[in-house]
2 protein chains.
Amino acid sequence: MKTIGKLAQSLNLNVETIRFYEREGLITQPTKPISGYRQYDETIAGQLRFITKAKMLGFTLKEIKSLMSMDNDCAQVELLSRQKLAIIREKISDLQRLEKVIVDMTNTCIQNDDPTYCPIIDSLK
Amino acid sequence: MKTIGKLAQSLNLNVETIRFYEREGLITQPTKPISGYRQYDETIAGQLRFITKAKMLGFTLKEIKSLMSMDNDCAQVELLSRQKLAIIREKISDLQRLEKVIVDMTNTCIQNDDPTYCPIIDSLK
DNA sequence: TTAAACTCCGTACATGAGTACGGAGTCAAT
DNA sequence: ATTGACTCCGTACTCATGTACGGAGTTTAA
């Protein structure tokens with residue numbers, strides 16, 4: 001059992017972030033004692049680790065909330081994961097298209113000595 | 001010469017968006033007549049097209065403002081483009097790593113019939 | 001016992017890129 | 001001349017994901 005500060009420290013999170021997740025209903029709040037500080041147990045630490053990992057996979061907090069509430073309904077979880085995968089793949093191909101445009105653009109710049117003209121700027125006009 | 005509404009329509013932009021770009025100093029504002037509406041000329045339309053294209057390439061409004069002010073200093077423009085390129089490439093490889101993790105994860109789901117256990121959820125714990 | 005450090009809670013601020021609203025002025029068409 | 005549409009301007013709100021602040025209560029260590 002830890003106070004929020006110790007918990008934050010052990011998970012490398014900000015106290016304010018944990019409080020934010022509480023407000024957002026992402027984690028269960030330990031009941032506040034009549035007097036004193038709230039105590040956080042391993043369950044909550046686990047929830048926070050879950051959030052951190054899912055965030056790294058690109059899930060939004062909203063989606064993470066869903067994930068946590070669908071608990072072990074594997075089909076539903078799989079669906080959400082596949083949707084996320086589709087979005088990620090779309091983003092990748094968007095970025096690859098972009099990459100190509102910018103590469104082409106910057107290449108036109110290389111051999112340019114004219115100080116009054118920039119082909120990149122020009123291509124944006 | 002057009003009023004803001006016509007201009008917005010012709011560029012497929014929202015009036016509010018143009019006004020927002022004005023506030024942000026991204027485009028030059030036509031001087032307001034003593035009475036009546038401001039008139040937008042082709043120069044401003046060009047600036048707005050520039051912004052739209054640069055946005056599609058992933059430049060932020062802040063960067064676009066820089067781009068527009070460096071005008072034709074090609075070396076400077078090229079530098080900014082290369083920086084943007086590096087960021088785009090980093091994003092791509094981040095997403096590709098993510099893609100792989102999620103693919104692996106969802107694959108573990110496919111053969112699972114146990115309704116009380118989801119390997120995706122499990123891997124996030 | 002007292003001061004430092006911590007917690008609680010509510011609220012405000014930050015970012016980026018806009019969108020929405022409301023009242024007042026203006027223009028165009030009937 | 002009046003109505004409806006448009007513009008102007010300032011301000012507030014949106015979304016996501018937090019961070020910061022301030023005052024009051026609590027705990028802990030010297």
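Only a predicted model underlies this, so the values are computations on that prediction, with no experimental measurement involved. Below, read A as the first sequence line, B as the second, and so on, with proteins coming before strands; counting in each chain starts at 1. Computation of the quantities below employed the complete heavy-atom set of this structure, encompassing side-chain atoms and omitting hydrogens, waters and symmetry-equivalent molecules.
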Quiz item: Which residues pass the salt bridge (charged side-chain N to carboxylate O under 4.0 Å, His left out) test with A/Lys125, sequence neighbours left out?
Solution: none

Quiz prompt | Length of the CD1-C1' vector between B/Ile51 and C/dG16, whole Å | solution = 15 Å

Quiz prompt | Any residue meeting side chain to side chain contact (heavy atoms under 4.5 Å, CB included) with A/Ser66, in chain and number order, not counting sequence neighbours | solution = A/Met70, A/Leu80

Self-check item: Contacts of B/Ser123 that satisfy side chain to side chain contact (heavy atoms under 4.5 Å, CB included) - sequence neighbours left out
Solution: B/Met105

Quiz prompt | d(CD1, B/Ile18; P, D/dC6) in whole Å | solution = 14 Å

Quiz item: Contacts to DNA chain C from residues 39-49 of chain B, heavy-atom cutoff under 4.0 Å, which residues?
Solution: none

Exercise. Take A/Glu16 and B/Lys6, find for each the nucleotide of DNA chain D with the closest heavy atom, and name the residue whose nucleotide sits nearer the 5' end.
Key: B/Lys6

Exercise. Identify, with sequence neighbours excluded, every residue that meets salt bridge (charged side-chain N to carboxylate O under 4.0 Å, His left out) alongside B/Lys84.
Key: B/Glu63

Quiz item: Within the side chain of A/Gln47, is there an N or O that forms a donor-acceptor pair under 3.5 Å with the backbone of A/Thr28?
Solution: yes

Quiz item: With respect to the phosphate group of D/dT19, does any side-chain polar atom (N or O) of A/Thr17 fall under 4.0 Å of OP1 or OP2?
Solution: yes

Using nucleotides 23-25 of chain C, report all nitrogen or oxygen pairs with the protein that are shorter than 3.5 Å.
residue : atom : partner : partner atom : Å
C/dG25  : N2   : B/Tyr37 : OH           : 2.7

Quiz item: Among all residues two or more places apart in sequence or in another chain, which pass the salt bridge (charged side-chain N to carboxylate O under 4.0 Å, His left out) test with A/Glu16?
Solution: none

Between the protein and nucleotides 14-17 of chain D, which nitrogen or oxygen pairs come in under 3.5 angstrom?
residue : atom : partner : partner atom : Å
D/dT17  : OP2  : A/Leu61 : N            : 3.3

Quiz prompt | A/Thr3 side chain near C/dT7 phosphate (N/O to OP1/OP2, under 4.0 Å) | solution = yes

Self-check item: Position toward the 5' end of DNA chain C (nearest nucleotide), B/Gly36 or A/Lys32
Solution: A/Lys32

Self-check item: All salt bridge (charged side-chain N to carboxylate O under 4.0 Å, His left out) counterparts of B/Glu90, not counting sequence neighbours
Solution: none

Quiz item: According to a strict under-4.0 Å criterion, is A/Arg38 in side-chain N/O contact with OP1 or OP2 of C/dT7?
Solution: no

Quiz item: Does the side chain of A/Phe20 reach to within under 4.5 Å of the side chain of A/Glu22, using non-hydrogen atoms?
Solution: no

Exercise. Specify the separation, in whole Å, of atom CD1 of B/Ile87 and atom C1' of C/dG16.
Key: 15 Å

Quiz prompt | Atom pair distance, as rounded to whole Å: CD1 in A/Ile4 and C1' in C/dA5 | solution = 15 Å

Under 3.5 Å donor-acceptor pairs involving side-chain atoms of residues 2-10 of chain A, not counting sequence neighbours:
residue : atom : partner : partner atom : Å
A/Lys2  : NZ   : A/Ser10 : OG           : 3.4
A/Ser10 : OG   : A/Leu7  : O            : 2.9

Side-chain polar contacts of residues 97-104 of chain A - donor-acceptor pairs under 3.5 angstrom, sequence neighbours left out - could you list them?
residue  : atom : partner  : partner atom : Å
A/Arg97  : NH2  : A/Asp94  : OD1          : 3.0
A/Glu99  : OE2  : B/Arg89  : NE           : 2.7
A/Glu99  : OE2  : B/Arg89  : NH2          : 3.4
A/Lys100 : NZ   : A/Asp104 : OD2          : 3.0

Quiz prompt | Rounded distance in Å - CZ (A/Arg19) to P (C/dT7) | solution = 10 Å

Quiz item: Which residues satisfy the side chain to side chain contact (heavy atoms under 4.5 Å, CB included) test with B/Thr108, sequence neighbours excluded?
Solution: B/Pro119

